[in-house]
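The structure appears below as C-alpha cells.
Proteins get letters first, then strands, A, B, ... in listed order; numbering begins at 1 in each.
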There are 2 protein chains.
Amino acid sequence: MLKRYVYLFEEAKGFTRFELGGKGYGLVEMSAAGLPVPPGFVITTEACREYYRNNGRFPEGLIAQVAEKLRQLEAKTGKRLGDHVRPLLVSVRSGAPYSMPGMMDTILNVGLNDEVVNGLAKSTGNERFAYDAYRRLLQMFGRIVLGVHGEKFEAVLREHKEREGAKHDHELSVGSLKSIIHEFKRIIREHSGREFPQDPWEQIQMAVEAVFRSWNNPRAVEYRRYYKIADDIGTAVNVQVMVFGNLGPDSGTGVGFTRDPSTGEKRLYGEYLPNSQGEDVVAGIRTPMRIDSVDPHLKRRLHEVADLLEKHFKDMQDFEFTVESGQLYILQTRNGKRTAQAAVRIAVDMVREGLITVEEALMRVESKELTHLLYRRLDPRAKIDPIARGLNASPGVATGKVVFDVDEAVQLASRKERVILVRPETTPDDIRGIIASQGVLTSRGGMTSHAAVVTRGMGKPAVVGCESIRIDLEREQFVTESGLVVKKGDVVTIDGSTGYVMLGEVPTVEPEMTEELRTLLRWANEVKRLGIRANADTPEAARKAREFGAEGIGLCRTERMFNAPDRLPIVREMIMAASVEERRRALEKLFPLQLGDFKEIFRAMKGLPVTVRLLDLPLHEFLPPQEVLLTEIYESKLRGVPDEQLAEKTSILKKVEQIKEHNPMIGHRGCRLAVTYPEIYRMQVRAILRAAIEVLREEGETAEVQIMMPQTSMATELAYLRKLVDETAEQVFTEMGTRIHYKFGTMIETPRAALTAAEIARHVDFFSFGTNDLTQTTFAFSRDDAEAKFLAPYLEKGLLKENPFEVLDQEGVGRLVRIATEEGRSSNPRLEVGICGEHGGEPKSIEFFHSAGLNYVSCSPFRIPIARLAAARAALKGKVVQAVTV
Amino acid sequence: MLKRYVYLFEEAKGFTRFELGGKGYGLVEMSAAGLPVPPGFVITTEACREYYRNNGRFPEGLIAQVAEKLRQLEAKTGKRLGDHVRPLLVSVRSGAPYSMPGMMDTILNVGLNDEVVNGLAKSTGNERFAYDAYRRLLQMFGRIVLGVHGEKFEAVLREHKEREGAKHDHELSVGSLKSIIHEFKRIIREHSGREFPQDPWEQIQMAVEAVFRSWNNPRAVEYRRYYKIADDIGTAVNVQVMVFGNLGPDSGTGVGFTRDPSTGEKRLYGEYLPNSQGEDVVAGIRTPMRIDSVDPHLKRRLHEVADLLEKHFKDMQDFEFTVESGQLYILQTRNGKRTAQAAVRIAVDMVREGLITVEEALMRVESKELTHLLYRRLDPRAKIDPIARGLNASPGVATGKVVFDVDEAVQLASRKERVILVRPETTPDDIRGIIASQGVLTSRGGMTSHAAVVTRGMGKPAVVGCESIRIDLEREQFVTESGLVVKKGDVVTIDGSTGYVMLGEVPTVEPEMTEELRTLLRWANEVKRLGIRANADTPEAARKAREFGAEGIGLCRTERMFNAPDRLPIVREMIMAASVEERRRALEKLFPLQLGDFKEIFRAMKGLPVTVRLLDLPLHEFLPPQEVLLTEIYESKLRGVPDEQLAEKTSILKKVEQIKEHNPMIGHRGCRLAVTYPEIYRMQVRAILRAAIEVLREEGETAEVQIMMPQTSMATELAYLRKLVDETAEQVFTEMGTRIHYKFGTMIETPRAALTAAEIARHVDFFSFGTNDLTQTTFAFSRDDAEAKFLAPYLEKGLLKENPFEVLDQEGVGRLVRIATEEGRSSNPRLEVGICGEHGGEPKSIEFFHSAGLNYVSCSPFRIPIARLAAARAALKGKVVQAVTV
C-alpha cells in the first residue's frame, strides 16, 4: 500500500508538530477548535524526507494525493483551479517542526495565469487587485521556484514607480501593472530559460517542490547548524485557499494578541488595516488602527476567536487574520512573544482563570527572563529621551563618560571615573577597556558580536549594533541621526535591556517584586527541592536577600570587613607585624569591629543559617601592589623627597616583596593561611561565636552559625583546623557561660578536595562548592587572565559554547561536583551540600545542581528570585506534573 | 587446653617473624642451620599481647612453661640456676617483629646473686670478671626492671673511677667493684623500695615482665607512631644462655659481615676484640683487629659460619659473635646494611653464585638507593680533607660562599653567586634563603629537621646536625672542632651523601654506571613492562639519556630553545611585534635556529620516539619582570639619563604591563597561546617536521616525531589545533616532497583534561601526564609559592606526609591519572599514555604508574637507571616470581 502524505486540515487532528510542521500543526489545531481557517491541506514532513531520500524526486503517490486534496478543496469552496469566474487560488507555504523564521519559502496567489487574472479582475470588479496579485505571483514564483535573481524584478518595479512618480507598489496604475507583468514574464523566460507555467496544476507541483528544496537553501542550513537542528527533519508544505484583505473597505488584515504582550493584561491587543494585505501592515505605509477601535461586529468576532484560541492552546496567542468581504479568517497562530513582566502576569492569571496548573505556570516563565525584572531599571517616572537605539545585547543600565580609546578607559577607571566605552565594534584587544568601563556601546555587530558576547559574560550592560550613530574616532565623538554631537567626556546612559542610549545620567530604580511575581515564586517554593540562600557580606545585603526569599546566607565573606576603610590600616598593621605578639595586638583591635559586623548580620538573619567563610584572600591583597609602591617611591625621589620621609612606604614595599606570590590564586591563602597564621582565624571564630551568643541574649533568637574553611585540598587540613575552631569555640563558651550549636564545614573549590571528598567529609558537617575557583583550577584558567586574554577568542571560535565562569561546565567541573556530593555523603550521610559560586544564580547550572542532589544553592541577593524559579523548574522537569493546590 | 607461648630455639623452626620477633626468628633459623648458637628459648609475641589484654598480668601457664624450658636448658648445659659452681646465667632480651633499634630493653647476666658471684669468681678464677658481671646485672636490673634512674648508678661509678684514677670501667679494682656492688644494692633499696631479688628465678620472671613493659615505654611508642607500626603487635622475649668473651686471651667478641658492606666485594669483613665483651667494642677503648688477621682456626670457623649464614639467609649477613674460651658462638644475625654500590654488586654476584634469582636480585636493591650512585660525587682522585662531619640529610655535593643571613643569600643568588646557607637550624622563615642557596649546612637538628625535610624535598644537598662546628651569627663565622675559623664569604663544599664539609671547592665527577649496575638494569629491562623515556631538551641531554638506557624522549621542551642567549632578542622582537606581519618576520628568523636544535636531537635519538612539546610558557616569561624594568628606568632617571635614551625600556615596560598576568601558571599559555598566536606554533611544527625529514635524508634514519600540545583542558582545543598541525604538516610534506609519520598528542596537566579524557582521546594519538602542573592545579598549590610559603609547615605539622611535587599524590592526582587513562583508552584503544612530570623518576610514583597501566614514564636522564629498576620492581610486586634466564 502506498504511504499517505497529504491530509486536509480537518483530517490531521492528533498528528504531531513533527509530522505537520509548526504552521500546519497550528492550522490543523485551529480547524479542530472550530476557528475560521481558510480550507487547505498539509503535505507531511515525511514527504519531504522521502523527497531527499529519493534524490530529489517526489515520493510515489504524492502527486495523486495532492491532486485528490485539490479536488476536495474545489468541492468545499465551489471554486476551481484555472476557472475564469471562480478561480481557486492557493498559497503554498513551508512549515518546519522547529521555528526557522524567514529561512524557507512561501508562494502566494498560485493558480493565476494570463486568463484567470482577467476573470478575477472581472469577478471582483477590481482590476488593480487582480493584476497586482498576478504580478506578485510572477515575482515570487520567478524568484523562488525558477531561481531568477530577485533584483531583476525589483529593478523593473523601481523603473515603473519612478516613471509614474509612485512611491509605493500599490500606487502603480493598472496599465503599469500590465506592462510589469509582461516584463516579468520576459525576465522569467530569459533568465530561467522557460516560460512561466500557465497551468495552475503545474504551478502547484513546482511550488511544492520549491518548498521542499528551500529546506536545504544555504540560509536554512546555516540556521540549523547554529541552532543545532538536525538536517534530516524536513519541512511540511501547507497548501491553503487564498483569502484577500484588499478587496475593499469591508476587507482588511490584522495581527492580534490575546493579551497585552507588554504588561500581560488580559485584553485583546493588536492592529488592523482595512483594505490591505499582510505585507502592507508590515511595510508601514498606512497607520493601522488599534484593534479595540474596529467595528463592534468584527471586535466581537475577534474576542470570540481570542477566547477560543486561549481555551485551545492554553497560552497567550499571537494570531494573524484577514477579513475578506466581511468574512473573518484566521491564517496563523502561535504562542505570543511577551516581556518578562507579561510572562509572569499571564502565567499567574491563567492559573487563576483555571486555564493551566501551577506547574504549567512555572514552566511558562524562563527563569533567566526574570533577570530583566531584577536589574536596575530606568526610573519609570524619569522623562526618557533616547538619542539612539541599538540592540539590547546585555541587560542593565550604565552611566558614564564617553571614551573612545581603550587605554584612556583604563586610565580613567583607575581614577575611579565611570566610563562608557564607545567603539564601532570591539575586538579581543579591547578587553581591558571593556573591563574598565561601566558599559559598552558599539555601532556595528549583532547579538553574537564580540562586544555582546563578552559583556553578557561579564554581566555588564551593552548596546550594540547601534547603526544610527556615526562614530568618528579621529575627532573622538559620535553623531546621532538627528545630528546631535556627543564628544569624549560627555556623560551618556545606556540601557542594555531596551537598547536605548540617553544623554546625561538618567535616574534608575531598584527592581521590585510585583504581586504576580511574588505569587509565582510562592508556588515555586512549594515545588522546588533545592534550598535557596544568598551570598551576602553586609547587613543591607542580608536584609535584601531575606526580602527576596533567601532561606539563609550561604556565603558571608569576611574579606570586605577587612577591606573597609576603617579596618584596612589595622589589617596592614597586622600584616606588617614583626612578631606573633604584635600581630595579636593588631587582631585585638580588629576583634570588636568584626564582632559588630557579625552581630548585625546575625540579627538580620535570625532563625536562618548563616555560613561565614573565614579569611580566604592572600595577605598581600591588603597591601598596595608592588609596582604602585615602586612608582610612588621613585616619583617622590625624583621630586626630591628625602629618604626619611619614604621610610614607611619603603618598609611596606619590603613586606610586599616578601609576601608577594607568583600565582596568588593558588598560593598562600585560605586554610593554608589558617595553618601558618592561626591567630587570625582564632580571632575570627571568636568574633563569630561571640556575636551569635550576644544576639541570642539581646533578641532571644540568633542565626544558625556555620563556620567555613576556604581552599581546602586535604582532609588533614580540616582535621587540624577543626581542632583550632573547636578549641576556640570552647574558650568562647566558657568566657560567655553559654553554649550554642555551630557547624563546621569547608568550601570544595579545589579538584583534590572534590576527589577526596569521602575522606574530607569525615571532618565536616557541610560542603559548599566554590564553583568560581573550582572552575579556575579545573580548567587551569585564571579567571582574570582568561577574561582579559583568551576567553573572547575561545567563544568566538566556538572552542567554548559559554563562558564557564557564567554557566557551569557540567562535563568537567560538574563531574567533580557529582563525585564530591556522592562520595562525601557516602562517608557522612548527614553531610549538607551546597554551592556558593556565581553559578548558584544561573538557571542551567541550578538545574544541574538539582539533578546532582545538592541541598541548596547560594547566589547574590538579586538572583534569589531567578534561583527560586529555576529550582522549581528543575524539580518539575522530567516529572509527571501533578496538581498542586493554589 | 592452655596456649603454648614458650619454645626452645630448636622447637620453633617454621614459625614466623611475627610470632618470634626479629631476633628470635634469627636465633631459631641459625639453630636450624646448624650454627653455633648459645641455647635458649623464645617467649612469643602472643604472650606479650596476652599480657596487655590481661591488663599487665602474665597469661595463664606462661610461668610454668618458662620454668620448664629453664629446666631443659639446665639439662642441656649441665649448669643450674643459682648453682655456685656451674651457675646458669642468661640474657633476657626483647625482640619485636619490626626492627626498633634501641627502643626496648635487654638484661644480661641474669642468675647472679651475692653467692653465685662468689662461686663464679672461684670457678672462673677471675674475680674481676665475676664482680664486674654482677655489677652490670645490678645496674641493668635496677634501671630497667626496678625503674631506678640510671644516673644514680653512673654517679657511683664516676666517683669510684675518680678515686682510683681510672678512666674506664674495666680499670676498676675488684675492691672497688665490691664496694660499688654494695652501693648499687643500697641505691636499689632506697629508690625502688625493695631489695634486689637474690632468687634467680624471681629475677627471670621480673626481667621478662620488664621486657613486656618496655614495649610501651614512651620512646618505643613514639618510634612506632613515627614509623607507623601498629601498637598491638607486642614483642617477643629471648632468654638465652650467657657466653662471655672476656674470660681470657682465648675469648673475645666481634662483628662480621659476610661481604664488604661498602663495596659489596665477596670477602669476610669485620672486627674482633680479644678478651672483651660486646660493649667494649662499641666503647672504642681498645682498637679491635681486622677480622682477617685473627688466628687461622677462628678465621676458618668464621668463614664456615659466613658461608652457612649466606646459604641459609640468601643475603649478606651482619652477625655478632663471641668466643668463649676458644668456643665460637653466634649471638645474632641480620641482613647487613650496605652502600648502594655494595647492594648492586651483592645482588648481581648472588645471582651469578646461584644463591638468588634475577627477580630476587631486582627486589634486593631499592630503586631510590641508586640515587646515591647517580648524583655528582666528589672526585675519588681528589684529596679530601673534611673539616667537619654532620648528618647526610640530603644527597649531592654543593659548593658556594658561606652566608649566614637569609636576605644576603637571596641577594647574592640574584647576582648569580653560589652560596651555602649556614644556620644553627632553619625555620620556615628561612625558606627564601634555602631556595637561593646551593646547599644548606646546620649545626643542629636530625634527619627529620626542617632543613633536612625541606632540602630533600627540593633535591638540594644538605648536611645537618653538624654539631662539631660552633656558629657565631654575630661575627658571621663558624669554628670547627680543630679551631679553624670559616668566615662569611669563604668557599666551602658540602657532601650531602656522606655528611662531610670541606673547605674550598672540591672537584666532583659525573656519576657513571658500573658493570654490575649495567647488568642489574639489563635484567630490569627484561622484567619491566613500563617504557622509560627521558625529559631532555638538548642534544647533550639526549645523548646522556640514551647512554643511561632511555627508550626515547618523552618530553623535549622548546622553552630553553627560546631562552638561549642567541634567541632571546629575536623572541623579544616577536613578542613586541605590533602586527602579525612583524611577528611572522621575527618567527622566520627563529625558524632556522629551531630547525637546527631539532635536527641535533633527532640525530641523537634516531629510531626512537621524541615527543616535542610546543611552546608552553606565557610570553611575558621572555621579558624582564615589571619591577626590574621599573627600577632600572627610575634609577636611570635619578641618575639624570634623558628620557629618549630610555625609550626602548619604556616600550618594553609598556608591553610587559599589557601582557603580564595575575596568575601566569594558569594563564595565557600553552594551547591557549596556540589559539591566539597560531603563527608561533606553525613555525614550531614546520621546524620539527622539516628537521625530521632532513635527518632522514642525511642519515637514512630519523626519530619518531611526536608533537605535543601543552595545557589542554578541552577536546575542542585539540580538534582546533590538530587541524593547524595537520595543515602545517601537509605544507611541509609538499615543500619537501617527502612524507613522514608523526603522532599528535597532548599533555594531560589540567584536571578538566583528565576528567574529559574520553572526549579528548578522540582527537589525539597519545596522552602524557604533566604531573607537575597537574599537582599544582589539583591541589590548587602554586608550586613556587607553596614551597616558599607553606609546604614546610605542612610537612612539619604532618598535614602532608611527603612533598606532593616529589612523590605523586595517589588519592587526588593519581585518581585523575587513573580516570584519564581508563577513559581515554575506552574511546581510543590505541591511545599511548605516558607521564613526563618529575614523578616519572620517583620509585613510589613509578610503581603507581605501572599499576595504573601507563605505557611509559619519562624522567630526567640521571634518573633513568632508577626508573628502570623501579619499573622492574613494580612489575615484580604481587607477582609470583618466575625464573628468568640470565
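Across E811(A), R669(A), K797(A), the residue that shares the most heavy-atom pairs under 4.5 angstrom with chain B is K797(A). The choice from T716(B), I819(B), T712(B), I659(B) that makes the most heavy-atom pairs within less than 4.5 Å of chain A is T716(B). Among the candidates V813(A), L673(A), L638(A), L816(A), the residue making the largest number of heavy-atom pairs closer than 4.5 Å to chain B is L638(A). If you tally non-hydrogen atom pairs under 4.5 Å between each of E627(A), E661(A), R672(A), M665(A) and chain B, the highest count goes to R672(A). The choice from G670(B), P664(B), A754(B), A753(B) that makes the most heavy-atom pairs within less than 4.5 Å of chain A is P664(B).
For R815(B), the part lying near chain A is the side chain, with the backbone staying farther off; criterion is any non-hydrogen pair under 4.5 Å. Both the backbone and the side chain of T631(A) come within contact range of chain B, each with at least one heavy atom under 4.5 Å from a heavy atom of that chain. Heavy atoms of D809(B) lying under 4.5 Å from chain A belong exclusively to its side chain. Only the side chain of Q626(A) comes within contact range of chain B, with heavy atoms under 4.5 Å apart. If you measure heavy-atom distances from T778(A) to chain B, the contacts under 4.5 Å come from both the backbone and the side chain. For a residue to count as touching a neighbouring chain, one of its non-hydrogen atoms must lie under 4.5 Å from one of that chain's; by this rule I633(A) does not touch chain B. Residue Q711(B) touches chain A through its side chain alone, counting heavy-atom pairs closer than 4.5 Å. In this structure, chain B has a heavy atom under 4.5 Å from the side chain of M714(A), while its backbone stays farther away. With a 4.5 angstrom heavy-atom cutoff, Q658(A) touches chain B via backbone and side-chain atoms both.
In this structure, the side chain of N663(A) does not engage the main chain of S782(B) through any donor-acceptor pair within 3.5 Å.
Side-chain contact between T676(A) and K789(B) is absent, with no heavy-atom pair separated by less than 4.5 Å. The closest side-chain heavy-atom distance from F781(A) to R752(B) is not below 4.5 Å. Side chains of I666(A) and T777(B) form no contact here, defined as non-hydrogen atoms less than 4.5 Å apart.
For R762(B), the salt bridge (charged side-chain N to carboxylate O under 4.0 Å, His left out) partners at least two apart in sequence or on another chain are E759(B).
Here the NZ atom belonging to K637(A) is positioned 14.0 Å from the NZ atom belonging to K637(B), to the nearest 0.5 angstrom. Separation of atoms CG (L629(B)) and CG (L630(A)) is listed at 11.0 Å; rounding is to 0.5 Å.
Among all heavy-atom pairs drawn from T750(B) and A780(A), the shortest one is CG2-CB, 3.6 Å. Residues L799(B) and Y720(A) share a closest heavy-atom pair of CD2-CB, 3.5 Å. The shortest heavy-atom contact between D784(A) and H662(B) is CB-ND1, 3.4 Å.
A donor-acceptor contact closer than 3.5 angstrom is absent between the side chains of D785(A) and H668(B).
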